[in-house]
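Each remark here refers to the structure printed beneath this line.
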There are 2 protein chains.
Amino acid sequence: MPRTEASNQQIRDERREQILQAAIKVFARQGFSAAKIADIAKAAQTSHGLLYHYFDNKEEIFAALIERTTHDLQQFAEAIRMQSGDAWERLTWALTRILQGLRRQPDIYAVMLQELANEAISPELRQLATRPAAILQETLKQLIVEGQAEGRVVAGDPDELAGVLTFCIEGLSVNVLSPYSASVIFPKPETLLRLVKS
Amino acid sequence: MPRTEASNQQIRDERREQILQAAIKVFARQGFSAAKIADIAKAAQTSHGLLYHYFDNKEEIFAALIERTTHDLQQFAEAIRMQSGDAWERLTWALTRILQGLRRQPDIYAVMLQELANEAISPELRQLATRPAAILQETLKQLIVEGQAEGRVVAGDPDELAGVLTFCIEGLSVNVLSPYSASVIFPKPETLLRLVKS
DNA sequence: GTCTATAAATCGATAGAC
DNA sequence: GTCTATCGATTTATAGAC
């Protein structure tokens, strides 16, 4: 009995997912350039030959990761808008969720940040890589602007305030990934919120 | 007339300095792994062969950078202690100086951060690379503890507070280095200080 | 769909001339 | 002290068998 087209498709989807998950881990810990195709293949428990069956090259894998992250963050932004409560409550909720996500999976945030300035990546891809952080920052900015109208967020340039929050999250992600991160203290949401509280 | 020993020494010192300055730029923009010896040599305006006359290998260059940065930050910490005024005033001075330094030379901060989690670097070197950030954080912590005794710094875990400030500085440095950093807003010292102000 | 073997290119590091 | 030529190892990517 031959494999059906449907089950073949399922196999492909699973493999692709395996590879992407492995790539996140490897990119986060080695950086794009040092990450070897063989490393990703090993982490995904496949041969490196098969990897080229799913992606044209290393940049394609990276691009797929960035696109997924961009999509995830857009959904997150949407979820925040759907959240009930005033802007301050939604800002609290958002930062709490972000810090939780960072605890479970710091890898993707670290990839996002580390490759921003990396000239080893093509300019087109690097520009793509700026998107997730931009979405995050823009989302926070919206909440800050609304919060200022409510009087619960301190006056001041909302871009500056959203930027500082973003820097914090990015800096934390890389520190968490360090093998010497035992002493890294995860800030509480309230600690970060002090930055913008009026 | 042959070159004297003294002038030879001066040539060596200058070359070494040229190479280190070039290495900072290249490491910051490409990361340790993607940074090619040829790139560093070109930026330093020497042949790549000569580079090996001054350093045994790529890791040695990186180690020299880290050591210098560690030394510079130790001196900075000492300068802060020498500063007059209470802890709050010295904390303000310190953050102002750090942000100024980041404007002029974001490269070394970015190198510090980006290689923290990079497994392409030997464990010994990576541990060394944790020192500069640790010194920075420890210095800020001291000021925070003193500031809390004065009542001008908010109560709370000083390690957490110092950590958040450090994350901000690190995150900012990488964003500034990105070629798409036109929209990055340098936070004012007062903005960061809100995180710890009582 | 998956693997192994291999081609082709890149890059760190060395040797030797000046 | 400095350079060019080159080796050797690593790694991306492909080809072809199963």
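Note on naming: letters A, B, ... go to the chains in the order of the sequence lines (proteins, then strands), and numbering restarts at 1 for each one.
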**Asked** Under a 4.5 Å side-chain heavy-atom rule over Ile, Leu, Val, Met, Phe, Trp and Tyr, are B:Y109 and A:L172 clustered together?
**Response** yes
**Complete:** In whole angstroms, the gap separating P of D:dT14 from CG of A:N57 amounts to 8 Å
**Message:** Does B:L50 reach a base, just sugar-phosphate, or nothing at all? Heavy atoms under 4.0 Å.
**Reply:** base
**Request:** Report which part of the nucleic acid B:A41 touches: base, sugar-phosphate, or nothing (heavy-atom distance under 4.0 Å, all strands).
**Result:** nothing
**Prompt:** With sugar-phosphate meaning primed atoms plus P, OP1 and OP2, does A:Y54 contact a base, only sugar-phosphate, or nothing at under 4.0 Å between heavy atoms?
**Reply:** sugar-phosphate
**Asked** Considering only heavy atoms and no angle criterion, is a donor-acceptor pair shorter than 3.5 Å present between the side chain of B:H48 and the base of D:dA5?
**Response** yes
**Message:** In whole Å, I'd like the distance from the CD atom of A:Q10 to the P atom of C:dG1.
**Reply:** 13 Å
**Prompt:** Could you state the OH-C1' distance from A:Y52 to D:dT14, rounded to the nearest angstrom?
**Reply:** 9 Å
**Message:** Does C:dT10 have OP1 or OP2 under 4.0 Å away from a side-chain N or O of B:K36?
**Reply:** no
**Prompt:** Can you check the A:Q45 CD to C:dT2 P distance for me, whole Å?
**Reply:** 13 Å
**Message:** Surrounding CZ of B:R68 (heavy atoms of other residues, nucleotides or ligands, distance under 6.0 Å), is the total greater than 12?
**Reply:** no
**Prompt:** Does the side chain of A:D56 come within less than 4.5 Å of A:Y52's, by heavy atoms?
**Reply:** no
**Prompt:** What is the distance from CZ of A:R15 to C1' of C:dG1, rounded to the nearest Å?
**Reply:** 8 Å
**Complete:** note: A:I37, atom CD1; C:dA9, atom P; distance rounded to Å ~ 18 Å
**Message:** What is the separation between atom NE2 on B:H53 and atom P on D:dG1, rounded to the nearest whole Å?
**Reply:** 4 Å
**Request:** Spell out, as yes or no, whether a donor-acceptor pair under 3.5 Å connects the side chain of A:K58 to the backbone of A:A35.
**Result:** yes
**Item:** d(CG, B:L51; P, D:dG1) in whole Å
**Value:** 14 Å
